[in-house]
Protein chains: 2
Amino acid sequence: MSTRKPAPARAAAARQGYHHGDLKNALQAAASKLLAQRGAEAVSLREISQAAGVSHAAAYRHYADKQALLADLAEAGFRDLAGINRQVTAATRGGPLEQLKACGRAYVEFGVRQPHLLQLMFGGVITGWESHAGLAQASGQLAETLAGIVASGQASGDIRAGDVGDLTLSAWSLVHGLALLIVGRRIPGMRMDAAFVKHAAAQCTTLLIEGLRAR
Amino acid sequence: MSTRKPAPARAAAARQGYHHGDLKNALQAAASKLLAQRGAEAVSLREISQAAGVSHAAAYRHYADKQALLADLAEAGFRDLAGINRQVTAATRGGPLEQLKACGRAYVEFGVRQPHLLQLMFGGVITGWESHAGLAQASGQLAETLAGIVASGQASGDIRAGDVGDLTLSAWSLVHGLALLIVGRRIPGMRMDAAFVKHAAAQCTTLLIEGLRAR
DNA sequence: ACCTGAACACCGTTCAAGT
DNA sequence: ACCTGAACACCGTTCAAGT
């Protein structure tokens with residue numbers, strides 16, 4: 001047993017409404033949960049604070065404003081998505097075109113799994129990305145991950161020659177657009193179930209690799 | 001001369017702060033202008049009402065709530081974009097693939113010209129599309145316009161066989177994703193000028209027609 | 001150093017009252 | 001029928017004050 005008693009001390013502090021211990025993470029967790037439930041515009045900072053068990057002004061000790069907290073959530077989303085891409089790439093056998101296909105499907109599935117998070121990451125709610133360094137960096141890492149797959153495909157001769165940035169942008173645009181059209185429910189006659197997502201992702205990524213394939 | 005004097009009567013009414021004449025259109029115009037300047041989340045209904053020269057409660061005589069007004073703007077955006085697609089299609093010679101290419105570029109240019117409107121149309125700010133019948137219809141018409149080009153390309157033998165909905169979704173996803181990535185400034189090293197937009201649209205639509213081309 | 005509670009200026013929405 | 005002004009319940013943000 002340790003001589004320090006952090007848990008009881010924290011509990012006592014919480015009882016008297018003081019010292020949260022790790023409020024920043026608690027705010028993130030509460031915000032993430034509420035975001036997933038109702039979307040960024042429908043959740044207030046006061047509600048997040050309440051869910052974290054502190055007064056509505058306490059968040060300002062850890063975040064400059066509401067946007068800074070949302071930016072943290074978006075950043076985590078970008079890191080998560082980039083990680084998924086790396087993982088899927090590593091786990092997929094059959095060459096770069098199959099990897100790209102698998103990543104595209106994973107990208108769309110990520111969006112369907114967390115629609116409100118995807119909207120936050122790309123929907124224009126967060127302004128002033130310059131002031132959130134980590135967010136811009138995480139977003140850039142996602143782009144780099146995709147570019148890496150394209151570059152390796154060119155090196156192996158599976159993907160045709162051309163500027164890596166241009167080809168990556170095309171591939172990214174396709175899966176990104178599909179994910180947002182699905183999440184935004186803009187596709188007529190769409191049933192938003194796993195089968196449709198799987199089908200649509202397969203169709204789109206097939207077109208993609210037809211366009212990218214070396215000939 | 002008519003015996004009725006609508007214009008002076010309206011002016012007199014306006015002087016005493018009553019009877020706007022065509023408040024609904026005035027609200028739309030004011031909202032559209034403010035949306036273009038600062039985006040949907042940064043503009044309040046009170047501000048729109050003030051810009052239209054009425055009290056902050058007057059808008060509720062014409063719109064159920066703020067969302068209904070925003071839905072009207074989004075609907076106009078969808079109709080505008082669908083009209084642009086039809087116009088570009090009619091004006092482009094050289095077959096369906098060239099038409100699709102031209103529409104893709106026009107789609108991206110529309111987004112770059114009106115980034116806040118594009119975000120409103122697709123960014124998830126408007127919830128409950130079911131309650132805005134005109135909006136859902138206008139969005140559907142845009143999809144139909146795109147599907148029409150794909151179908152005519154199949155009829156002429158330029159576009160390969162396959163489900164029209166699937167091929168249309170792929171084409172739409174590509175240009176839609178590109179437009180949103182550009183507007184959202186998510187492309188590393190991007191310069192958001194006309195030359196880049198032209199270049200990126202050309203690259204992406206080239207990949208698209210390679211993937212769609214009959215072989 | 002970290003949090004609270006009151007305060008400020010806003011916001012969307014409602015509603016009785018005016019013409 | 002159409003609009004106003006007051007009112008209500010919220011919100012983001014600030015700040016003196018508490019421990």
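All heavy atoms count here, side chains included; hydrogens, waters and symmetry mates do not. Order of the sequence lines sets the chain letters (A, B, ...), proteins ahead of strands, with each chain counted from 1.
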Residue B:Leu45, side-chain atoms from C-beta onward, closest of D:dC3, C:dG12, C:dG5: C:dG12
Tell which nucleotide pairs with D:dC10, taking only Watson-Crick or G-U wobble pairs whose two distances are both under 3.5 angstrom. none
Taking for A:Ala57 and for B:Arg61 the nucleotide of DNA chain D with the nearest heavy atom, the one nearer the 5' end belongs to B:Arg61
Is the closest side-chain donor-acceptor distance between B:His132 and B:Asp72 under 3.5 Å? no
Check this one for me: any side-chain N or O of A:Ser44 less than 4.0 Å away from OP1 or OP2 of D:dC11? yes
Check the distance between C:dG12's C1' and B:Glu41's CD and give it to me in whole angstrom. 15 Å
Paired with B:Phe110, the side chain to side chain contact (heavy atoms under 4.5 Å, CB included) test is passed by just one of B:Leu81, B:Asn85, B:Val175, namely B:Leu81
Counting only side-chain heavy atoms from C-beta out, which of C:dC3, D:dG5, D:dT13 sits nearest to A:Tyr60? D:dT13
Whole angstrom value for the distance that separates P of C:dG12 from CG of B:Leu69: 11 Å
Please determine, for D:dG18, whether a Watson-Crick or G-U wobble partner exists with both distances under 3.5 Å, and give it or none. C:dC2
Report the distance from atom NZ of B:Lys24 to atom C1' of D:dC3, rounded to the nearest whole Å. 16 Å
Write down the distance between CD (A:Glu47) and C1' (D:dA9), rounded to a whole number of angstrom. 14 Å
Can a cation-pi geometry be assigned to A:Arg186 and B:Trp172, taking NZ or CZ under 6.0 Å from the six-membered ring centre and within 45° of the ring axis? no
Is the number of heavy atoms from other residues, nucleotides or ligands within 6.0 Å of CZ (A:Arg185) greater than 12? no
Could you state the OH-P distance from B:Tyr63 to D:dC2, rounded to the nearest angstrom? 14 Å
Just call it for B:His56: base, sugar-phosphate, or nothing, with non-hydrogen atoms closer than 4.0 Å on any strand. base
Closest approach to the side chain of B:Lys66, judged atom by atom: which nucleotide of D:dC3, C:dT13, C:dC3 is it? C:dT13
In whole Å, I'd like the distance from the CD atom of A:Gln67 to the C1' atom of D:dG12. 12 Å
How close or far is atom C1' of D:dC2 from atom CG of B:Asp22, stated in whole angstroms? 13 Å
Using a distance-only test with no angle check, is there a side-chain donor-acceptor pair under 3.5 angstrom linking A:Lys101 and A:Thr92? no
Atom-pair distance (CZ on B:Arg46; P on C:dT14), nearest Å: 13 Å
